[in-house]
Each structure stands twice: as C-alpha cells, then as structure tokens.
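One structure below.
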Amino acid sequence: MGRLRRSGGIIAVVKPGTSSPRATRAGAALIALALGAVGAPAQEPLRPLPKTKDAVRVLLVTGGHDHDLSFYSVLDGQDDLDVRVDPHPNAFRGKVSPGRDADVVVLYDMPEAMAPEQETHLRGFVEAGGGLVALHHAIAGRSGWRWWGEEVIGGRYLAAPEGARAASTYKHDVELTVRVAAGHPVVAGLQTFRILDETYKGMWISPGVTVLLTTDEATSDGPVAWVSPYPKARVVTVQLGHGREAHLHPSYRRLVRNAVLWAARRTP
C-alpha cells in the first residue's frame, strides 16, 4: 500500500537577468494558481450514504496479532453491513446482546486468553443465538479455553504438543488451490480459485464440522473453511486470510461477506 506525502510549495524571488524564460513562465503560473486557490470556494465535506435501515450490525474484534491494514477493506464500503470495531483489550468488557448490540461478531483477533468477564460476555452472545465468524488467526487465540475451540468454532490450533499430538505448524506465502467441498450459502458464487496465503497444519478439527472449502496443499490440513456443529448459533470458521494478497482476493472477500450474512440469518 502506498504512503501519502504532503509537500509544501516555495515561491522564490528571482533577480532580474538570472532567470530563464521557462523558469519565469513556470513561476508566474505557480503564483496564478496560488492566488486562484485563495478565492476558490471550499469543497463540501464527504457525506457517505447512510447504511440501509436493516443493515447487519457487525462487531469486528481485532488485536493480539498484527495484520495488514488491508483487512479492514474486506468489510468496508457495504451499505448492508454496519461495522463497529472494538479491539482488545477492551473487547467484550460489557455485555453484547444479539439483536440489540450486534447481529454477528467477526473475530480477527488472537488473544492468548481473556478475562473471565470477557469470556462470560462472549459466551453469552453465542448461547443467545448471536452469529459468529472466526477468521484466520482467531483459530489460534484463546488456546486454553477448550470449550470455545472444540464446541463453538470447531477447531483448535495447538500452540504446544498435547500428549501424543504434535504442535500445529504454519507456513507463510503459500500458493494454494482452494475447491468448494459442499453446497452451502456461505460458498454461493464461489468456484475453484488460487490464492497466496498462510497455511496451518496439525490443527484439531471437530469431526462434526461441515467442510465448505478444501485444499490439497501439503502444508495444510485440507479443510480451510467450515460450519461448526454448535447448535445454538450460526458459526463459520475460515482458516484463510493472513495478508493483503488474501484480503484483496475477490473470492476471499465474497466468502467473508457470505459468512457474515449467513451467520446473521440473512441470504448471501
């Protein structure tokens, strides 16, 4: 992503006989432009169109892991999604009620753990039927909260070996082919696509999940998006989404949008 730079112009006084005709003309043009700008009317402030009346209320939670700024573009600029960002450490400090505070919680965070009150508020949200979409490194967060990983999002990234099971691994900058594995609203409009992303391998994935997308990449477990069997809410987990290459990929953006709408009990 390019950086914006602001530079100030300087009008220099040139002594007679020392300037070229070209420099004189350029200086005169610059002065005329500056004087014209003084009398120009001020531009109207940008006023984006309001969100639609029935826009899905999305609570986006980040923090605990660095990420490219491009991630925010995945959910931005959509009139039917009203997104509010609440990063850690303040996320879930208060109660979050479905239908009042948010329709869907999107997790793009990776806290090692949360305070008991935060766990209570997040648990209360999904147990009351609030939709949930867990993206990429959110699978690796809250590693000590086994109920969350095993019962709610349907997957756990193992930060350390557990008994005979080795720790999970990851690999950056992998070009992988992703295929649709099941017919479902979350993958509506998607076909096989190639994407440059980070892969996870050696995760625990619940045998009860409905796998939506798979890859045959050797550094991956195979499933890269699934619907959790959690019975009280609609929960979608997506392993994809590490960096800018994924965030700007049309198929990834479509996938996340579909997941949010479906979790909110809307039609993608």
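Atom CG of Leu107 and atom NE2 of His88 lie 7.0 Å apart (nearest 0.5 Å). Within the model, atoms OH of Tyr252 and CD of Glu245 stand 12.5 Å from one another, a figure rounded to the nearest 0.5 Å.
A salt bridge between Arg123 and Glu127 is present, with a side-chain N of the basic residue lying under 4.0 Å from a carboxylate O of the acidic one. A salt bridge links Glu117 to Arg93: at least one charged side-chain nitrogen sits closer than 4.0 Å to a carboxylate oxygen.
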Begin with the C-alpha distance, continue with both residues' side-chain angles, and end with the deciding distance and a verdict on salt bridge (charged side-chain N to carboxylate O under 4.0 Å, His left out) for Asp109 and Arg142. CA-CA 10 Å; Asp109 64 343; Arg142 308 167 185 85; 2.4 Å; yes
Pair Asp80-Arg257, side-chain contact (heavy atoms from CB on, under 4.5 Å): steps then yes or no: CA-CA 10 Å; Asp80 55 352; Arg257 173 178 167 80; 2.7 Å; yes
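Under a cutoff of 6.0 Å and an axis angle of 45°, Arg234 and Trp262 form a cation-pi pair.
In the model, Arg194 has a side-chain atom that pairs as donor or acceptor with a side-chain atom of Thr177 under 3.5 Å. In summary, the side chains of Ser206 and Arg156 do not present any donor paired with an acceptor at a separation below 3.5 Å, with no hydrogens or angles considered. Side-chain contact check for Thr219 and Glu217: at least one donor-acceptor pair (N or O, by modelled atom type) lies under 3.5 Å. Neither side chain, Thr199 nor Ser220, offers a donor N or O lying under 3.5 Å from an acceptor on the other.
In this structure Tyr170 satisfies the ring-ring contact (aromatic ring centres under 6.0 Å, His included) test together with His172, sequence neighbours excluded.
Ring centroids of His136 and Tyr200 are separated by less than 6.0 Å, placing the two rings close together.
For the pair Val126 and Lys232, the minimum side-chain heavy-atom distance is 4.5 Å or more.
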